[in-house]
Asks: 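Mind having a look at this structure? Questions to follow.
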Amino acid sequence: MSDFTMKTDADGVALITWDTVGKSMNVMSQQAFNNLSDLIDQALADEAVKGIVLTSGKDGTFAGGMDLNVIAKMKEDAGDDPARGVFEGVMQMHGVLRKIELAGMDPKTQKGGKPIATALPGTALGIGLELPLSTHRIFCADNPKAKIGLPEIMVGIFPGAGGTTRLVRKMGAMAASPFLLEGKLSDPQAAKRAGIIDEVVADPVAAAKEWVLIAKDADIVKVWDAKGYKMPGGAPYHPAGFMTFVGASAMVNGKTQGVYPAAKALLSAVYEGALVPFDTALKVEARWFTNVLMNPSSAAMIRSLFINKEALEKGAVRPKDVADQKVRKVGVLGAGMMGAGITLVSAQAGIEVVLIDQKQEAADKGKAYTASYMDKGIARKKATEEKKAELLGRITATTDYAALKGCDLIIEAVFEDPKIKADVTARVEEVISEDCIFASNTSTLPITSLAKASKRPDQFIGIHFFSPVEKMLLVEIIKGKETGDVAVAKALDYVRQIRKTPIVVNDARFFYANRCIIPYINEGMRMIAEGVTPALVENAARLVGMPLGPLQLVDETSIDLGAKIARATKAAMGDTYPDGAVDEVVFWMEAEGRLGRKSNAGFYSYDEKGKRQGLWDGIAAKYPTAEEQPDLITVQHRLLFAQVLEAVRALEEGVLEDIREGDVGAILGWGFAPWSGGPFSWLDMIGAPYAAERCDQLTEAFGDRFACPALLREMADKNQSFYDRFGTTAKAA
């Protein structure tokens, strides 16, 4: 059965409908591309066909992108020369889209072609927009939920099927840059204003059919194929264009710090392509696209941020024999910042919410967070008063635990104190039904210990949100020793409802995310105590792809929280506590009242409005700068290995059960160098033998915290990679 089908009506319009078999959204495969090419050939050769309209058989969507197996097949088929296979495969796609664009016209007179239009019922992403851009006019339904754009840069590649070249030639480099370099998505009306699509109409198929029947020869000649074409905003050596390209280069390097190959390759494709004729520009684009696809960073990003992320969101680790556990009514205990955020995202998902706090004023304030959030959306015309009223109508703010009757999930987000949590657990269990699942939003306290306060430890689980809840994509689900499959399934189904990405880990101190990020922060502070220049620490982190340096991160999360965690961890671990050297720095900052951004004073200085001004010069007075500073790579390796070795230990100990969760969780949870694909992907990139050798060097120089884990040592001896050993589906434990 073909993904594309064609039917010609009595007026001579050939309607080609894209409807990928077995998928809720169209995706382009190699077979589908061949299928489309054959139908275009038939329509162009058929004298009865006056024009062609491309549309979708999916309700509300045109296409979601390319089937990434296409790229893998190109590499595989080319044998020892995968780059050649990718380049030739991409050029074949260019040939099909160029055939659509030229539409059978005489190459000299540019006459005699057949008009080809696209009718989008809604969302068009990636190849789903690159294909329409090769047609002569794009009509889209007035569907405010639809997303139009080229988001490839977000997963480590760039639009390589002509989208880069066509968008720049259509809009100019400056206007196209947000859509190419940032992956900006627009609704249909915004896409029309930007000049990406041509018309927003009630019935795009009818409008497209009408247009192809009246279109003239001149209407189907693309601007870049017309005589005298000049790029909007100027080409690279035009006075205006020169400034655009110089500025773009500075912007890309400023934002990526040189560690994201796709952004640099995209800019190179645009710059070089702008200097040559259109068909040559497509070849330039294909070469740079091939260059990116052959880069291990891009392969790792695609695997983690697209394939693995999507698999986790679709239930890759969900217990298979548990029935659907969709949440109807959730109780949220604690109306602070975290509880208010959980309430907001739950109400947005259509779930009824009971928000409880000790005082009605606090509960009302927690509900008001949703009102304030919606007011901001209304001001930006992203929401309406009706939608705001609908969300607020789902939220009951109260002090009465009896209101929790009928809840099928409880999420406790009260103060991080075991006694307080135990008290609310007992009070809740007096009210809720026997089959209600109880979840704690704790970020540090072991779930197994907290579950001791419950009469039903098999229905007790951890659901760890990251702050701010409405922005952070990851949710960490923690299984206690007695947590049952129904509780796990409930948590996963809830996370799917609120459109977040889940990872499931086993119980241990700090779970997975905090276990890895705390050593990163601590290593930064250790270096400060050693006399390493604070600017070197912070810039080394940013230059290796971390979104925030360790000192800025501790300012954001607050230094007194770090001090509290340090005291609690030391009390729990006793003589085995490893971070005494860090405590001196943390407790000194706490004593100085420099608690981070919230106090407008931390490792950084802030103005009266809370804007960061630069690193605090008082650090050097307490910890004088050492005469001899470490090299950049040493600082970066200390910061990276501090994190990745904890990830490996979490895998060894069974805290992590699936390396996909380790990579996806690291990127989405604390921003671990996204270009790397995550800690396990990074270790695969540098190779286990080198990683083990580097561990030995760092251990000798800086201490046992860098000792090579037994698992990594074994893999180094066998020259194994994590993804070869554990695969993308096999559990590590």
Side-chain angles (χ1 to χ4, degrees), residues 24-25 60-61 123 144-147 185 187 309-310 312-315 317-318 322-356 363 366-378 382-398 403-404 406-413 432 436-441 461-477 486-504 668-669:
S24 59
M25 184 177 284
T61 175
T123 293
K145 293 183 178 180
K147 298 297 180 186
L185 304 182
D187 61 39
K309 179 176 176 288
E310 186 178 71
L312 295 176
E313 290 168 349
K314 289 185 175 180
V317 295
R318 187 187 187 279
V322 179
D324 178 63
Q325 295 291 310
K326 185 176 181 180
V327 176
R328 300 178 304 278
K329 182 179 179 181
V330 63
V332 179
L333 311 179
M337 184 176 179
M338 193 63 77
I342 296 169
T343 296
L344 167 62
V345 297
S346 299
Q348 285 178 315
I351 300 170
E352 184 183 350
V353 185
V354 176
L355 177 60
I356 289 186
K367 181 175 180 177
Y369 186 83
T370 293
S372 176
Y373 178 87
M374 294 302 292
D375 285 340
K376 292 174 184 175
I378 292 168
K382 298 291 184 181
T384 62
E385 289 289 351
E386 291 76 18
K387 186 65 176 177
K388 173 185 173 182
E390 182 184 338
L391 258 63
L392 293 174
R394 295 191 187 116
I395 302 169
T396 300
T398 181
L404 297 173
C407 286
D408 49 320
L409 175 66
I410 301 294
I411 302 176
E412 165 269 300
I432 59 176
C436 182
I437 301 300
F438 190 103
S440 175
N441 178 56
I461 196 166
I463 300 182
H464 175 211
F465 288 87
F466 295 80
S467 185
V469 175
E470 63 274 17
K471 291 183 180 179
M472 297 298 285
L473 298 175
L474 187 74
V475 177
E476 189 176 27
I477 295 168
V486 173
V488 175
K490 190 78 170 184
L492 284 167
D493 290 352
Y494 167 69
V495 171
R496 177 187 288 185
Q497 282 178 259
I498 61 173
R499 297 184 179 180
K500 304 285 185 186
T501 303
I503 63 171
V504 180
L668 300 186

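Values below: all heavy atoms of this structure, side chains included; hydrogens, waters and symmetry mates excluded.
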Asks: Using side-chain heavy atoms (C-beta onward) and a distance below 4.5 Å, is L391 in contact with Y373?
Replies: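 Side chain of L391 against side chain of Y373, heavy atoms only: no contact under 4.5 Å found.
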
Asks: Identify the heavy atoms of A335 and A363 that sit nearest to each other, and give their distance.
Replies: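 Here A335 and A363 meet closest at CB-CA, 3.9 Å.
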
Asks: Give me the atom names and distance for the closest heavy-atom approach of L409 to A439.
Replies: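 Nearest pair, atom of L409 first, then A439: CD1-CB, 4.4 Å.
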
Asks: Does R394 reach the main-chain N or O of I351 with its side chain, forming a donor-acceptor pair under 3.5 Å?
Replies: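 Absent.
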
Asks: May I ask you to test the P502-L492 pair for a side-chain heavy-atom distance under 4.5 Å?
Replies: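 A side-chain contact under 4.5 Å exists here.
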
Asks: Looking at CD1 of I463 and CD of E412, how far apart are the two atoms once the value is rounded to the nearest 0.5 Å?
Replies: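 Going from the CD1 atom of I463 to the CD atom of E412 covers 11.0 Å.
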
Asks: For I437 and D408, what are the C-alpha separation, side-chain angles and deciding distance, and is it a side-chain contact (heavy atoms from CB on, under 4.5 Å)?
Replies: CA-CA 6 Å; I437 301 300; D408 49 320; over 6 Å; no

Asks: Does the distance from a Lys or Arg side-chain N to an Asp or Glu carboxylate O, for R318 and D493, drop under 4.0 Å?
Replies: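 Result for this pair is yes, salt bridge flagged.
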
Asks: Return the minimal non-hydrogen interatomic distance between M338 and S467, and the atom names on each side.
Replies: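 Looking at all heavy atoms of both residues, the closest pair is CE-CB, 4.0 Å.
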
Asks: Sequence neighbours left out, what passes side chain to side chain contact (heavy atoms under 4.5 Å, CB included) with E385? Give chain and number order.
Replies: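 Partners of E385 under the side chain to side chain contact (heavy atoms under 4.5 Å, CB included) test: I378, K388.
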
Asks: Starting at CD of E352, measure out to OG of S346 and round the result to the nearest 0.5 Å.
Replies: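 Going from the CD atom of E352 to the OG atom of S346 covers 11.5 Å.
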
Asks: Which atom pair, heavy atoms only, marks the closest approach of E470 to G341?
Replies: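 For E470 and G341, the tightest heavy-atom pair comes out as OE1-CA, 4.2 Å.
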
Asks: Please set out all donor-acceptor pairs under 3.5 angstrom arising from side-chain atoms of residues 323-333, sequence neighbours excluded.
Replies:
unit_1	atom_1	unit_2	atom_2	d
D324	OD2	K326	N	3.4
Q325	NE2	A323	O	3.3
K329	NZ	A403	O	3.4
K329	NZ	K405	O	2.7

Asks: Just wondering, do T343 and Y369 contact through their side chains at under 4.5 Å, heavy atoms?
Replies: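 They are not in side-chain contact.
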
Asks: If I compare all heavy atoms of G366 with all of L355, which pair ends up nearest, and what's the gap?
Replies: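 Closest approach of G366 to L355, heavy atoms only: C-CD2, 3.6 Å.
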
Asks: Which distance, rounded to the nearest 0.5 Å, do you find between the CZ of F466 and the CG of L668?
Replies: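 So the CZ of F466 and the CG of L668 are separated by 9.5 Å.
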
Asks: What's the shortest heavy-atom distance between K471 and K500, and which atoms?
Replies: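 Closest heavy-atom pair between K471 and K500: N-NZ, 4.2 Å.
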
Asks: Are L344 and V469 close enough that some pair of their side-chain heavy atoms sits under 4.5 Å apart?
Replies: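 In short, these two side chains do not touch, never coming nearer than 4.5 Å.
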
Asks: Please examine the side chains of M374 and K387, heavy atoms only from C-beta on, and report whether any two atoms are closer than 4.5 Å.
Replies: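 Of all side-chain heavy-atom pairs linking M374 with K387, at least one is under 4.5 Å.
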
Asks: With the side chain counted from C-beta on, respond yes when I461 and F438 share a heavy-atom pair under 4.5 Å apart, and no when they do not.
Replies: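 Not touching, per the 4.5 Å side-chain cut-off.
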
Asks: Is there a donor-acceptor pair closer than 3.5 Å between any side-chain N or O of K367 and the backbone N or O of T396?
Replies: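 No, the answer is negative, given that no donor and acceptor are paired below the 3.5 Å cut-off.
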
Asks: Please round to the nearest 0.5 Å and tell me the distance separating atom OG1 of T501 and atom CD of E476.
Replies: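 Reported value, rounded in 0.5 Å steps: 13.0 Å.
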
Asks: Hey, are the side chains of Y494 and I411 touching, using non-hydrogen atoms and a 4.5 Å cut-off?
Replies: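 Yes - at least one pair of side-chain heavy atoms lies under 4.5 Å apart.
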
Asks: Would you please name every residue forming a side chain to side chain contact (heavy atoms under 4.5 Å, CB included) with I432, sequence neighbours left out?
Replies: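 If we apply the side chain to side chain contact (heavy atoms under 4.5 Å, CB included) test to I432, skipping adjacent residues, the hits are L404, I410, V428, E429, C436, R456.
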
Asks: Would a 4.5 Å heavy-atom cut-off, applied to side chains only, mark I503 and I477 as touching?
Replies: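 Heavy-atom side-chain distance check fails, nothing below 4.5 Å.
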
Asks: Assess the residue pair I356 and V354 against the criterion (side-chain contact (heavy atoms from CB on, under 4.5 Å)); give the C-alpha distance rounded to whole Å, side-chain angles, the decisive distance to 0.1 Å, and a yes or no.
Replies: CA-CA 6 Å; I356 289 186; V354 176; 3.9 Å; yes

